[in-house]
Amino acid sequence: QVRMVESGGGSVQPGGSLTLSCSVSGYSYTHYWGWFRQAPGKEREGVAVINAPDGTTCYGDSVKGRVTISQDKAKNTLYLQMNSLKPEDTAMYYCAADPDITCTYGGSPLVLGRGSWGQGTQVTVSS
């Protein structure tokens with residue numbers, strides 16, 4: 001079974017930056033993995049997804065241009081670099097692998113919620 005452990009969250013001021021990390025075990029890196037977030041009372045929102053074999057990425061419209069997803073398969077780690085953070089980015093951030101998350105043909109992250117993921121890491125953006 002794929003296990004994911006998120007870290008790197010924290011509290012920052014608007015305009016600040018954070019880098020989140022996801023440590024994975026049991027993943028064969030044969031398809032997609034990425035990040036989604038969920039704020040209280042809100043639906044899950046795909047943030048960024050990467051195709052493990054070829055590095056192709058997709059980003060949510062609300063974060064495009066401010067977020068970069070990357071992977072280091074040798075270190076079993078997925079990263080999310082976030083810049084120019086806004087209060088609207090406040091949420092619990094989770095990493096997930098297929099079949100829980102993918103990129104659509106239109107280039108948008110899609111969270112399917114079929115499996116399981118870690119406890120998440122909290123990102124809070126406020127002044």
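Hydrophobic clustering places Tyr93 together with Met4 (ILVMFWY residues linked when any side-chain heavy atoms are closer than 4.5 Å, directly or through intermediates). Residues Leu85 and Val67 share a hydrophobic cluster, clusters being chains of Ile/Leu/Val/Met/Phe/Trp/Tyr side chains in contact below 4.5 Å. Transitive grouping of hydrophobic side chains (ILVMFWY, heavy atoms separated by less than 4.5 Å) brings Tyr29 and Leu80 into a common cluster. Residues Trp33 and Ile69 fall within the same hydrophobic cluster, defined by Ile, Leu, Val, Met, Phe, Trp and Tyr side chains chained together at heavy-atom separations under 4.5 Å. Transitive grouping of hydrophobic side chains (ILVMFWY, heavy atoms separated by less than 4.5 Å) brings Trp35 and Val2 into a common cluster.
Annotation: disulfide bond (SG atoms under 2.5 Å apart) contacts involving residues 8-53, sequence neighbours excluded, comprise Cys22-Cys95. Residues in residues 95-112 take part in these side chain to side chain donor-acceptor pair (under 3.5 Å) pairs, two or more places apart or across chains: Tyr27-Asp98. Sorted by first and then second residue, the pairs that involve residues 25-79 and meet disulfide bond (SG atoms under 2.5 Å apart), not counting sequence neighbours, are Cys58-Cys103.
With sequence neighbours excluded, the residues satisfying side-chain hydrogen bond (donor to acceptor under 3.5 Å, both in side chains) with Thr30 are Ser28. Considering only residues two or more places apart in sequence or on other chains, Gln122 meets the side chain to side chain contact (heavy atoms under 4.5 Å, CB included) condition with Thr90, Met92, Thr124. Listed by chain and number, the residues in a salt bridge (charged side-chain N to carboxylate O under 4.0 Å, His left out) with Lys64 are Asp61 (sequence neighbours excluded). Checked against side chain to side chain contact (heavy atoms under 4.5 Å, CB included), Ser17 has the following partners two or more places apart in sequence or in another chain: Gln81, Asn83. With sequence neighbours excluded, the residues satisfying salt bridge (charged side-chain N to carboxylate O under 4.0 Å, His left out) with Arg66 are Asp89. Ser25 meets the side-chain hydrogen bond (donor to acceptor under 3.5 Å, both in side chains) test with no other residue; sequence neighbours excluded. For Pro14, the side chain to side chain contact (heavy atoms under 4.5 Å, CB included) partners are Pro87, Val125, Ser127, not counting sequence neighbours. Scored by the ring-ring contact (aromatic ring centres under 6.0 Å, His included) test, Phe36 finds Tyr94, Trp117 as partners (sequence neighbours excluded).
Note that the OH atom of Tyr79 and the OG1 atom of Thr19 stand 9.5 Å from one another [nearest 0.5 Å]. To the nearest 0.5 Å, atom CG of residue Leu78 and atom OG of residue Ser70 are 7.0 Å apart.
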Would you please test Met82 and Leu20 for side-chain contact (heavy atoms from CB on, under 4.5 Å) and show each step? CA-CA 8 Å; Met82 301 188 292; Leu20 309 183; 3.8 Å; yes

side-chain contact (heavy atoms from CB on, under 4.5 Å) assessment of Thr56 paired with Tyr32: CA-CA 9 Å; Thr56 301; Tyr32 292 99; 5.9 Å; no

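Closest approach of Thr77 and Ser21 over heavy atoms only: CG2-CB, 4.3 Å.
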Kindly list each side-chain donor-acceptor pair under 3.5 angstrom involving residues 41-53, sequence neighbours excluded, with atom names and distances?
unit_1: Glu45; atom_1: OE1; unit_2: Arg37; atom_2: NE; d: 2.9
unit_1: Glu45; atom_1: OE1; unit_2: Arg37; atom_2: NH2; d: 3.2
unit_1: Glu45; atom_1: OE2; unit_2: Ser62; atom_2: OG; d: 3.0
unit_1: Asn51; atom_1: OD1; unit_2: Asp54; atom_2: N; d: 3.2

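For Lys75, the NZ atom counts as loosely surrounded, since its 6.0 Å shell holds 12 or fewer non-hydrogen atoms of other residues, nucleotides or ligands.
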